[in-house]
Amino acid sequence: MISANNVTLAYGKRVLFDEVNISFTKGNCYGVIGANGAGKSTFIKILSGEIEPNKGTVTISPGERLAMLRQDHFEFDQVSVLHTVMMGHKKMWDLMIEKDAIYLKEDFTEADGMKAGELEHDFGEMGGYTAESDAAQLLNELGVKEEMHQQLMNDIPANIKVRGITGAGLVWQPGYFITG
Ligand SMILES: Nc1ncnc2c1ncn2[C@@H]1O[C@H](COP(=O)(O)OP(=O)(O)OP(=O)(O)O)[C@@H](O)[C@H]1O
Ligand SMILES: [Mg+2]
């Protein structure tokens with residue numbers, strides 16, 4: 001469960017949130033609706049910890065994690081559809097890059113081997129070994145066909161991009177994709 005407790009945030013005189021209390025519970029899918037500039041993205045950033053509220057706290061049950069996909073649809077233009085979804089789990093993605101870089105080292109030392117072992121362990125705990133098939137399944141369920149998964153975001157039709165990727169974003173974003 002994710003809970004916002006008495007969350008308050010103002011930018012100057014503009015009060016976006018005043019003592020907001022809300023809980024997001026397992027098994028539900030939530031949508032945040034509001035006019036442009038109402039504060040939807042800001043609220044998601046508060047939930048993810050990217051922005052600190054002026055007052056109040058956000059709590060996430062132990063063992064659960066939150067992944068966030070940003071609103072900027074052009075950010076991933078040069079990234080494949082499948083990888084875009086996987087990048088929604090930033091910690092896992094960063095770890096994968098870190099460990100792959102170690103294996104590419106020409107002077108691979110014993111210490112590198114130890115470090116790689118640790119990273120492999122953490123990667124496994126995060127569900128890294130099934131992340132690709134999980135992401136593919138997610139896309140299939142959203143109606144984004146297999147043959148599009150390897151295409152660049154820039155090269156897929158806009159309606160699929162919005163349907164599939166925003167949908168995927170929604171799943172990985174406030175949906176706090178639960179592991180373990
Ligand atoms: N760092 C900041 N400093 C000051 N004001 C900000 C900052 N970030 C956002 N705002 C303002 O806060 C308000 C909410 O912005 P936010 O991006 O959360 O809206 P939104 O509901 O996601 O809008 P949209 O529908 O356009 O995505 C806007 O008026 C915006 O200009
Ligand atoms: Mg927004």
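All ligand and atom numbering here is 1-based and tracks the order in the structure. Computation of the quantities below employed the complete heavy-atom set of this structure, encompassing side-chain atoms and omitting hydrogens, waters and symmetry-equivalent molecules.
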Ligand 1 atoms in contact with [X] (distance to a heavy atom under 4.0 Å):
X     : result
Ala38 : 19 (O), 21 (O)
Thr42 : 14 (C), 15 (O), 16 (P), 18 (O)
Gly39 : 14 (C), 16 (P), 18 (O), 19 (O), 20 (P), 21 (O)
Ala35 : 21 (O)
Arg14 : 29 (O)
Lys40 : 18 (O), 19 (O), 20 (P), 21 (O), 22 (O), 23 (O), 24 (P), 25 (O)

For this session: Please round to the nearest 0.5 Å and tell me the distance separating atom NZ of Lys115 and atom CG of Leu119.
Result: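 Reported value, rounded in 0.5 Å steps: 5.0 Å.
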For this session: Over 60° means perpendicular and under 30° means parallel, so classify the ring planes of Phe43 and Phe17, tilted if in between.
Result: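 Tilted, since the angle between the ring planes falls between 30° and 60°.
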Exercise. Are Ile102 and Met114 linked, directly or through other ILVMFWY residues, by side chains that come within less than 4.5 angstrom of each other?
Worked result: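 Result: no, two separate clusters.
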Exercise. Do Met96 and Leu104 share a hydrophobic cluster (ILVMFWY, side-chain heavy atoms under 4.5 Å, transitive)?
Worked result: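 Unlinked, Met96 and Leu104 end up in two clusters.
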Exercise. Which is closest to atom 13 (C) of ligand 1 by heavy-atom distance: Gly37, Ala10, Gly12?
Worked result: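 The residue whose heavy atom sits nearest atom 13 (C) of ligand 1 is Gly37.
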Problem set entry | N/O separation below 3.5 Å, Gly34 to ligand 1 |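 Between Gly34 and ligand 1 (N or O atoms, distance only) the closest approach is not under 3.5 Å.
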Exercise. Above 12 or not: heavy atoms from other molecules or residues under 6.0 Å from CD of Glu19?
Worked result: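 Yes, CD of Glu19 has more than 12 neighbouring heavy atoms, counting only those of other groups under 6.0 Å.
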Exercise. For atom CD of Glu110, is the number of surrounding heavy atoms from other residues, nucleotides or ligands below 6.0 Å larger than 12?
Worked result: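 Counting other residues, nucleotides and ligands, CD of Glu110 stays at 12 neighbours or fewer.
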Exercise. Would Asn36 count as a contact for the Mg ion (ligand 2), in the sense that one of its N, O or S atoms lies under 2.8 Å from it?
Worked result: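 No N, O or S atom of Asn36 is closer than 2.8 Å to the Mg ion (ligand 2), so no.
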Exercise. Between Asn5 and Thr57, is any side-chain donor less than 3.5 angstrom from a side-chain acceptor?
Worked result: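 Thr57 and Asn5 do have a side-chain donor-acceptor pair below 3.5 Å.
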